[in-house]
Every structure is written in C-alpha cells, then in structure tokens.
2 protein chains.
Amino acid sequence: MDAPTAAAKRLKEAGLRPTRFRERTLEALWATDAALSHKDLVSRLPDLDRVTIFRCIKQLRKSSLLHKVRGTDGVSRFVANRTSGSSCPGNHPHFFCLSCGALTCLEGLRLPHLELPTGFEVRGKQFLVEGICPGCAQGRATAAGPDEKETSS
Amino acid sequence: MDAPTAAAKRLKEAGLRPTRFRERTLEALWATDAALSHKDLVSRLPDLDRVTIFRCIKQLRKSSLLHKVRGTDGVSRFVANRTSGSSCPGNHPHFFCLSCGALTCLEGLRLPHLELPTGFEVRGKQFLVEGICPGCAQGRATAAGPDEKETSS
DNA sequence: GATGGTAATGCAACTGAGTTGCATTACCGC
DNA sequence: GCGGTAATGCAACTCAGTTGCATTACCATC
C-alpha cells in the first residue's frame, strides 16, 4: 500500500531516498506557484525540524528538484522545478512583490542577453524585478477605490 | 584648519552632519571600485564600532550617497554613488565574482528592458551576473599556464 | 569662547537565517 | 528479521543586521 506518490517518484528519479519528509517538503513546494522561504516551509510542515528542512532543501537543490531565489530582502526562497529534465535553475527572471513579499517565477520570460566587457567569464545570471504583484495591485485599487478617484492612472 | 574634505562636502550637500566617521566611511568606499560589505568596512575602519558603521551606511543610503547590492551569497555590499546628482541606485547590472567575492558595478551597461505580463507594477530591477572577474580569470590562466607568460596584458 | 540641544556614537543584547556535530531513528538491501 | 547507511532531531553555534540606552561629539547660539 505504498501508493507511490508523484513526489516519491520524483525523488527516486533524482536518486534520493523518498522519505515521507522529503515527499511532504516537495509537495508543499508543488502546492504553490510562489517561492517559499525556509520559514514558510517550517510553518507549513510544523512537525518537521527546521534543520531537517534546511538539509532537505539542500538535497533537493543538489538534485535539481528545486532552485533558490533571493528576494531583495535577502531571504532565500525556493521553487520546485516542475519539468523533470530541464532543471535550469536560473533561466527566467523573478518578481518580488514589495507588498505581500511573494516571489514568483516569470517562467514565460527569458533572461535578456547582456553584453559584458571582455574578461568577464559568465557562470550565471539573476534578474530580479521588484514591485507590486497583480493581486496586491488589485487589492489596493479596490481598497482605495470607493470615494477616491478610482482611476489609478 | 578644517580643510573641508570632499567627503565632508558631499555629506553637507546631502544634508548630513559631516562627522569624521562618516567622512572616513565615505572615503573608504570611494577608495575602491568594488562594492564593500559591512565586514570589509569594519576591517578597513577598525576603530569604528560595527553598529555605527551599520547606521552610517543606512544614513548614507537614505541620502543616496551609496547604493546597496546583494551578492549571490546573500551578503549586502555597498557602492558609493560617484555622481552627485544622479544617484539612481539600480540602473546598471552588477557582477559578482565567484572566485574572489568581489562585486563590481557594470556602470557602462544599461539594464535590459523586460516586458512583464500585464498587472505587474515595476518599482525596481536588479540584474546580477555571476562568474569569474577579469582579475581572477587571468590569475587562473597564469597559474595554470606552465610558462607563466608574465605580460600582464 | 562657553553653553546647551540634538544628532551621532559605543556598548550590550537581541533576532533570524543558516550551519555543524552528534546521538538517535528510519529506510532498504540482504 | 537484521544490519549498514542515510536521514532525522536536538543543541549549540556563526554571521548579518537591528534595537535600546547611556555617553559623546557637533553645531548654533549667546
């Protein structure tokens, strides 16, 4: 009665022991579109030790099951790599909402090319856009809306 | 015998009290092209309290005399804004050297434009390129090269 | 030049992210 | 079922950054 979870399958594919804790960590990440911080994970998995979660993240990252993004607040957040094969950790920009703190992958977009001066050997790129996400922008508009001139432009 | 330092002048222009400590902090930042971490500043200004340096940085940042950049290691680094008027803190990409940890402003380059999906309200952008800086790349090349062509060009 | 208010500094203690060491427990092949 | 190895839990630690409070320096005013 194993009922081999999708998470368990993913873990096995990656060569990791599919323990219940790893499955749950992975599932917690799969359950959301936003990037979760370590703190978020701790609150979603209250019966797991925080150190275990750190170590779990590290393993998953090493196996390219998730990638790390840092918000402008300096806190690392983690996003599961959906597609099993292509786990390119940094091939898309990220958006950090200054209002709700959510960090989302802009997976539809490609990282723009940058022509560096000669001598620089590029290993990776990170493009972080900060601002207000659609959800918060809408919330603000409706909240401010009633009597104030609601045309936000 | 004030000998009003350039740093003191800059501080006054920005509306800050030109104390000796602030002058020295600013001068330490001016003395290098790379971005300095708080730790770097502490080691360059050993007789200053670390908290004072944190507060000094915060003041200078508020007055747009420097801008903050975070390396992929998550540590904040600070760069003085040379030009007095245009203190745009994030209008150029940064390069983080994985070998020596130096973080340099690529001031000659412009941030590439990114077309976001509708609904996102952009407030700022950060483009961080990581890799090996020219200095380290050369050091490695010479270290690896048997004959050590010492022509530094 | 003395004086006083305010801002700046120094010190101690704290928070929060992330790590390390070590003992214990669970997983998996046999 | 059994044993080795990997995973987990706990405690303690490092390091960046912050806060509170007492003390000191700066600057304007007299």
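Throughout, a chain's letter reflects where its sequence line sits, starting with A, and its residues are numbered from 1. Fair warning: this is a prediction, and the values are worked out from it, not measured in the lab.
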Map Q59(A) and V51(A) onto DNA chain D by nearest heavy atom, then report which one ends up closer to the 5' terminus.
Q59(A)
Taking for each residue the nucleotide of DNA chain D bearing the nearest heavy atom, is the 5' side occupied by K12(B) or by F78(B)?
F78(B)
Is it true that V129(A) and F127(B) fall in one hydrophobic cluster, defined by side-chain heavy atoms closer than 4.5 Å?
yes
Heavy atoms only, 4.0 Å cut-off, all strands: where does [X] land among base, sugar-phosphate and nothing?
X      : answer
T19(A) : sugar-phosphate
R22(A) : sugar-phosphate
S76(A) : sugar-phosphate

How many angstroms lie between atom CD of E130(B) and atom CD of Q126(A), to the nearest 0.5 angstrom?
6.0 Å
How are the rings of H92(B) and H67(B) set to each other: parallel, tilted or perpendicular (split at 30° and 60°)?
perpendicular
Atom NZ of K58(A) to atom P of dA17(C): distance rounded to whole Å?
16 Å
Considering only heavy atoms of chain B and a distance under 4.0 Å, specify the first and last nucleotide of DNA chain D in 5' to 3' order that meet this criterion.
dA16(D) to dC27(D)
When you measure from the side chain of [X] to the backbone N and O of [Y], does any donor-acceptor pair fall under 3.5 Å?
X      : Y      : result
T32(B) : A34(B) : yes
S63(A) : L60(A) : no
R50(A) : V42(A) : no

Heavy-atom nearest nucleotide on DNA chain C taken for R50(B) and for F21(A); more 5' hit belongs to R50(B)
Here's a test of your reading of the structure: between R17(B) and D49(B), which maps to the more 5' nucleotide of DNA chain C?
R17(B)
